[in-house]
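In what follows, every heavy atom counts, from backbone to side chain, and hydrogens, waters and symmetry copies are set aside.
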Amino acid sequence: MIKAAAEEFDRHGYDATSLSRISAVAGLSIGAVTFHFPSKARLADAVQQEGRSVTLAALSRLSTAPTSPLRLVIDLTLELARLMEKEPSVRSAIRLARERPDSGAWSDTWLPMVRDLLDRAYEVGQLRTDALPADVTMLVEYLTSGAEAYLRRRMGSDPAFESAVAQLKRVWYLALVGVSADETVLPGRPRPTDEPGREQPADFQPDSTSGGKPVG
């Protein structure tokens, strides 16, 4: 029942999905569905919980790997992309959280782990002094949101579309090594957010032509 609901919510969204449609897809009577889930909202809650549980189980397996904190963050985002691609319950949890904002975001399941790993990566010198964990956490959110948007656009339309995991690996490579060989095109470096217990990078210098604001 939850599997059928996840597929329908993922495909059509919350408002356009009915309990009668879910019961038909699941091969159950509407009475059987409402016996366990008296409302669509209750069933959507169960689907979101299933998506979170699948995500937490995958992260738990990853967390035992003997690897560095920053590498684990990268592996974690690749696993999130794989889950989005392969697990309807995860895609449904993401979409339902967007359409039912009071139900809690899917990213709340994994963002605390990402932030903790990035704090550790910063402490052991795996991040540049001006790459603060809060900012890199934001980068991870952008990357996972981009992977989901890519899948939403491609799935069901082109059977030969590129894996989101493979695409994300390339984007991570660019993020880690940088793309510009010409320093004159760089915008002024934004001032890092003050964080308790963290010193501002000693070498921070805003762009003198832009007052520290991005150019353009």
Kindly state each residue pair satisfying salt bridge (Lys or Arg N to Asp or Glu O under 4.0 Å) with at least one member in [range], sequence neighbours excluded.
range	value
residues 23-44	none
residues 44-57	Asp45-Arg100
residues 65-78	Arg71-Asp75

Are Thr55 and Trp106 close enough, and set up right, to give a side chain to side chain donor-acceptor pair (under 3.5 Å), and what steps lead you there?
-> CA-CA 9 Å; Thr55 303; Trp106 172 71; 2.9 Å; yes
Quick one: hydrophobic cluster around Tyr142, which other residues, with the 4.5 Å side-chain cut-off, linked directly or via members?
-> Met138
Check ring-ring contact (aromatic ring centres under 6.0 Å, His included) between Phe37 and all other residues, then give those that pass, not counting sequence neighbours.
-> none
State which residues pass side chain to side chain contact (heavy atoms under 4.5 Å, CB included) with [X]; sequence neighbours excluded, sorted by chain then number.
X	answer
Glu79	Ala58, Arg61, Leu62, Arg82, Leu83
Leu111	Ser107, Thr137, Glu141
Ala121	Pro69, Leu70, Gln126, Leu127
His12	Glu8, Ala16, Thr17

Within this structure, what is the [atom1]-[atom2] distance for the pair [X] and [Y], rounded to the nearest 0.5 Å?
X	Y	atom1	atom2	answer
Gln49	Leu96	CD	CG	12.5 Å
Leu43	Ile2	CG	CD1	7.0 Å
Ile30	Arg21	CD1	CZ	12.5 Å
Asp135	Tyr122	CG	OH	10.0 Å
Ser63	Asp116	OG	CG	11.0 Å
Ile22	Met1	CD1	CE	9.5 Å

Please collect all ring-ring contact (aromatic ring centres under 6.0 Å, His included) contacts where either partner lies in residues 59-96, sequence neighbours excluded, each pair once.
-> none
Hydrophobic cluster membership, Val25 vs Val33, 4.5 Å side-chain cutoff = no
Identify whether Ile94 and Val47 are in the same connected component of the hydrophobic contact network (ILVMFWY, side-chain heavy atoms under 4.5 Å).
-> no
Electrostatic pair Glu148:Arg152 at N-O distance under 4.0 angstrom | yes
Test salt bridge (Lys or Arg N to Asp or Glu O under 4.0 Å) on Glu7 and Lys3 and set out the steps.
-> CA-CA 6 Å; Glu7 291 173 349; Lys3 181 176 181 294; 2.8 Å; yes
Return the minimal non-hydrogen interatomic distance between [X] and [Y], and the atom names on each side.
X	Y	value
Ala97	Ser103	CA-OG, 3.9 Å
Arg115	Pro133	NE-CB, 3.5 Å
Val136	Ala131	CG2-O, 3.9 Å
Ala6	Ser89	CB-CA, 3.9 Å
Gln48	Gly104	NE2-O, 3.8 Å
Ala44	Phe9	CA-CE1, 3.8 Å

Is any side-chain heavy atom of Trp110 closer than 4.5 Å to a side-chain heavy atom of Thr144?
-> yes
Does Ser23 reach the main-chain N or O of Ser20 with its side chain, forming a donor-acceptor pair under 3.5 Å?
-> yes
Main-chain N/O of Asp10 paired to Arg91 side chain as donor or acceptor, under 3.5 Å | no
Considering only distance and modelled atom types, tabulate donor-acceptor pairs under 3.5 Å from the side chains of residues 168-176, sequence neighbours left out.
{"unit_1": "Arg170", "atom_1": "NH1", "unit_2": "Glu162", "atom_2": "OE2", "d": "2.4"}
{"unit_1": "Trp172", "atom_1": "NE1", "unit_2": "Thr77", "atom_2": "OG1", "d": "2.7"}

Who passes salt bridge (charged side-chain N to carboxylate O under 4.0 Å, His left out) against Glu99, sequence neighbours left out?
-> Arg95
Trace of the side-chain contact (heavy atoms from CB on, under 4.5 Å) decision for Ser163 with Gln167 | CA-CA 6 Å; Ser163 162; Gln167 191 177 75; over 6 Å; no
